[in-house]
Amino acid sequence: MNLEDKLKSAIVDGIEKLYNQKPDEKRINFQKTSKDFEGDVTIVVFPFTGISKKSPEQTAKDIGTYLKENLTEVENFNVVKGFLNLVISSSFWLDFFNTASATEHFGFSPANTGKTMMVEYASPNTNKPLHLGHIRNILLGYSVAEILKANGHKVLKVQVINDRGIHICKSMLAWQKWGNGETPETSGLKGDKLVGKYYVEFDKHYKSEIAELVANGLTKEEAEKQAPSIVEAQAMLLKWEAKDPEVYALWEMMNSWVYAGFDVTYNSLGVNFDKLYYESQTWLRGKDEVLKGLDQSIFYRKEGQSVWVDLTKEGLDEKVLLRSDGTAVYITQDIGTAILRYNDFPDLSGIVYTVATEQDYHFKVLFLILQKLGFEWAKNCYHLSYGMVDLPSGKMKSREGTVVDADDLMEEMITTAKEISLEKGKGEDNADAEELYRMIGMAALKYFILKVDPKKKMLFNPQESIDINGHTGPFIQYTHARIKSLLRRADSHSATAVSSTLSILPKEKELIKLIHQFSAVLKEAGEAYSPALLANYIYELAKEYNQFYHDFPVLKEEDEAKKNFRLQLTVLTGRIIKDSLRLLGIQAPEKM
RNA sequence: GGUCCCAUAGCUCAGCUGGAUAGAGCACAGGUUUUCUAAACCUGCGGCCAUUGGUUCGAAUCCAAUUGGGAUCACCA
């Protein structure tokens, strides 16, 4: 039983004894004691003055006296207005500290919950390389998956690959026409970059064709439909759908280039997947489900035989599910794919879809439709919606060339890390050092993105945004490296339990209190699907440790008991930092 | 036009289900090293929490309206 639960039930009992009435447990509200007052935990007593029929001060005094008499953990208390500040005994903190020290991954859920969660992330199109927006997606999805694991769930990381459609045909067509047989090998380009190059090439030709047609008197809309390039691309898509051998072979070849390219990027990002879903294999799914729904009158037909769902009662619109020619639309596929996943993994307890906030409406509709179709599990589907990454110049637009390429960005981060290291006189020129620069650069990038609340959009300034000092990944890495350095010197430290009668300094207690919060933070990060909570917590911990480190000797402490305690405090802090960074996908170097 | 999201220091962000004098980092001005990593630590500067009402003992937080920004609403994906 943790401290807050203990306090809570004691307060309930106390109020009942004091005033003969049970308080609403939900109104018992704990908060950190403001640093201007003495105490560790503060209870706001205003909600209970109605029961006590006494002044806030008197009520707080009554409850405080009761707690002090009945709970060994409560050593003392003081009252400021309606705030009851409790001083928790240092023996409680030290007992907790010993327990945490003896736990391998303190804060992680020790037991398996038996739940299996599927986390979908990345989900790229196969016609162009990954960019900054994908990076946010990938880092979030990966980290959420790891956090869920730390909370005791089984996790399946999956990726949906949008490998079919008009977009890929555009690249294919352009390559066929103007590629001269160029391959990743002959061009020296990464596969995804090469295919992306032809996507841009297509767009260039398409645009000039439109301009020409408009000059010849067509409207813009007509020109966009009649331009030879797009007509050809559409013809190619039909051939693909008919499994034309030649088109299919081209499609397979170009996709294989893209996958090889993506693998490099995923590797650099340090992420992986347990299962891949290819749209080319799932795009025909869902149609049967829609027809079943039609039979059950969940859906209806409109003129022209198209099939619709009416969501106006839910405050949304009508949505088309099958075109009048009977073919599926995008959401139809998603219906099919969701069902497919539950068929693949019947014991799934939920699916987390990591998809940008632009698709909020889409997922609302999708989950509603699944519910209407009678799938109970639909309520366990969660859209992890994340905001766009904006640039100082505004939105990223591939047409305007303002897209920040994922590979370029990572490389730039690593180079910057190297430059800064050399500037600080810490750099060397060997393989180990190169690996360290990579770790630092990637930490700066990952932390910068993950520390922001997922659902908020964020601004990315390539020149200024990524820093290495202050509230950053490298700062936390540095704290870890510093801890490791200290521990390397402490060759003979033995892990003996700390006596609960040891007197501890305020700064030491602050550290223990922060560590005490860790399990709650980790749990909440999992429940809220928010790595940002963990990222911000671990910064606080690193900062607190740095202050402690600065102010007090560890190895040079002469009192053996204190030295032992401080060493173990250092060990535990280092472990929590390392574990947390790992959950964020960030490596913790031993030296830097 | 309908729906949804957002607005906190010059900049980038915290601020959990309402609680004490709203916090960090960057930037700016200074300081700390004969002692465990100065990628650190400390001090200062910086705020009408977009505006206006409401609920409450108490509002950055909840509600409503307004303003400004963004997203979305296709027989596209």
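Each chain gets a letter, A, B and so on, in the order its sequence line appears, and its residues count up from 1.
Checking A:N85 against A:T42 by side-chain atom types alone, a donor-acceptor pair falls below 3.5 Å. Side-chain contact, A:T59 with A:D62: no donor N or O sits under 3.5 Å from an acceptor N or O. Under 3.5 Å, the side chains of A:T479 and A:N546 contain a donor-acceptor pair of N or O atoms. Side-chain polar atoms of A:N564 and A:E560 form no donor-acceptor pair below 3.5 angstrom. A donor atom on one side chain and an acceptor atom on the other are found under 3.5 Å apart for A:N255 and A:T126. For the residue pair A:N162 / A:H167, no side-chain donor-acceptor distance below 3.5 Å is found, with atom types taken as modelled.
Between A:Y330 and the phosphate of B:A77, there is no side-chain N or O to OP1/OP2 separation shorter than 4.0 Å. Of the side-chain N and O atoms in A:N469, none sit less than 4.0 angstrom from OP1 or OP2 of B:C26. A close approach under 4.0 Å does not occur between any side-chain nitrogen or oxygen of A:K456 and OP1 or OP2 of B:U12. For the OP1/OP2 pair of B:C16 and a distance below 4.0 Å, the side-chain nitrogens and oxygens of A:K32 include no atom meeting the criterion. The side chain of A:R27 places no N or O atom within less than 4.0 Å of a non-bridging phosphate oxygen (OP1 or OP2) of B:U17. OP1 or OP2 of B:C75 has not a single side-chain nitrogen or oxygen of A:S306 nearer than 4.0 Å. Applying the 4.0 Å criterion to OP1 and OP2 of B:U72, one finds that A:Q359 has every side-chain N and O outside that range. Regarding contacts with the backbone of B:A77, a side-chain N or O of A:R323 is found under 4.0 angstrom from either OP1 or OP2. For the pair A:R482 and B:A38, the criterion of a side-chain N or O lying under 4.0 Å from OP1 or OP2 is met.
When distances are taken from the side chain of A:F37 to each of B:A71, B:A20, B:C4, the shortest belongs to B:A20. When the nucleotides B:A24, B:C36, B:C6 are ranked by their closest atom to the side chain of A:K543, B:A24 comes out on top. Minimum atom distance to the side chain of A:M388 is reached by B:G70, of the listed B:G70, B:C57, B:A24. Distances from the side chain of A:N85 to the nucleotides B:A20, B:C16, B:C75 place B:A20 closest. If you check B:G19, B:C41, B:A39 against the side chain of A:P47, the one that comes closest is B:G19. Looking at the side chain of A:S324, the nearest of the listed nucleotides B:G19, B:U37, B:C75 is B:C75.
Using atom C1' as the reference point in both B:G31 and B:C45, the two lie 15 Å apart (nearest Å). Going from the P atom of B:G23 to that of B:A9 covers 15 Å, rounded to whole Å. Atom P of B:A22 sits at a distance of 27 Å from the matching atom of B:C28, rounded to the whole Å. The same atom, C1', is picked in B:U8 and in B:U61; the two are 11 Å apart, to the nearest Å. A gap of 15 Å separates the P atoms of B:G68 and B:U51, to the nearest Å. Nucleotides B:C13 and B:C6 place their P atoms 15 Å apart, quoted to the nearest Å. Spacing of P atoms, B:A60 relative to B:A77, comes out at 48 Å, to the nearest Å. Atom name P, nucleotides B:U12 and B:A74: the rounded distance is 34 Å, in whole Å.
We find that CD1 of A:I538 is positioned 18 Å from P of B:A14, with the value rounded to whole Å. B:A74 atom P lies 10 Å from atom NZ of A:K302, rounded to whole Å. Put simply, CD1 on A:I331 is 13 Å from P on B:C75, counting in whole angstrom units. With rounding to whole Å, A:F475 atom CZ is found 13 Å from B:U37 atom C1'. Rounding to whole angstrom units, CZ of residue A:F460 and C1' of B:C11 are separated by 15 Å. The interatomic distance linking A:Q547 (CD) with B:U32 (P) rounds to 19 Å, in whole Å. As rounded to whole Å, 21 Å separates atom C1' of B:A77 from atom OH of A:Y277. Rounded to a whole Å, the CG atom of A:D467 is 7 Å from the P atom of B:C26.
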Short N/O separations, protein against nucleotides 28-30 of chain B, under 3.5 angstrom:
none

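For the atom pair OG1 (A:T327) and CG (A:L322), the distance works out to 7.5 Å, reported to the nearest 0.5 Å. Between the CG atom in A:L3 and the CZ atom in A:F30 there is a gap of 7.5 Å [rounded to 0.5 Å]. Distance CG/A:L139 to CD1/A:I586: 8.5 Å, rounded to 0.5 Å. Rounding to the nearest 0.5 Å gives a distance of 9.0 Å between OG1 of A:T33 and CG of A:L84.
Counting distance only, with no hydrogens placed and no angle test, the side-chain atoms of A:K426 and the base atoms of B:A39 include a donor-acceptor pair under 3.5 Å. The base of B:A39 does not come close enough to the side chain of A:T479 for any donor and acceptor atom to sit less than 3.5 Å apart. You won't find any donor-acceptor pair under 3.5 Å spanning the side chain of A:T357 and the base of B:C5, going by distance alone.
Per the stacking criterion (ring centres < 5.5 Å, plane angle < 30°), A:Y549 does not stack onto the base of B:A40.
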Stepwise salt bridge (charged side-chain N to carboxylate O under 4.0 Å, His left out) test for A:E221 and A:K225 | CA-CA 6 Å; A:E221 288 74 35; A:K225 281 184 189 156; over 6 Å; no
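For the pair A:D453 and A:T472, nearest-nucleotide mapping onto RNA chain B gives the more 5' position to A:D453. Remark on RNA chain B: of its neighbouring residues A:E358 and A:K556, the 5'-side contact belongs to A:K556, judged by nearest-heavy-atom nucleotide.
A:H480 places a side-chain N or O within 3.5 Å of a backbone atom of A:P589 that can act as its donor or acceptor partner.
Ring centroids of A:F367 and A:H383 are separated by 6.0 Å or more, keeping the two rings apart.
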So what is the 5' to 3' dot-bracket string for RNA chain B, if pairs are Watson-Crick or G-U wobble with both distances under 3.5 Å, crossing pairs use [ ] and | means the partner sits on another strand?
-> (((((((..((((.....[...)))).(((((.......))))).....(((((..]....))))))))))))....
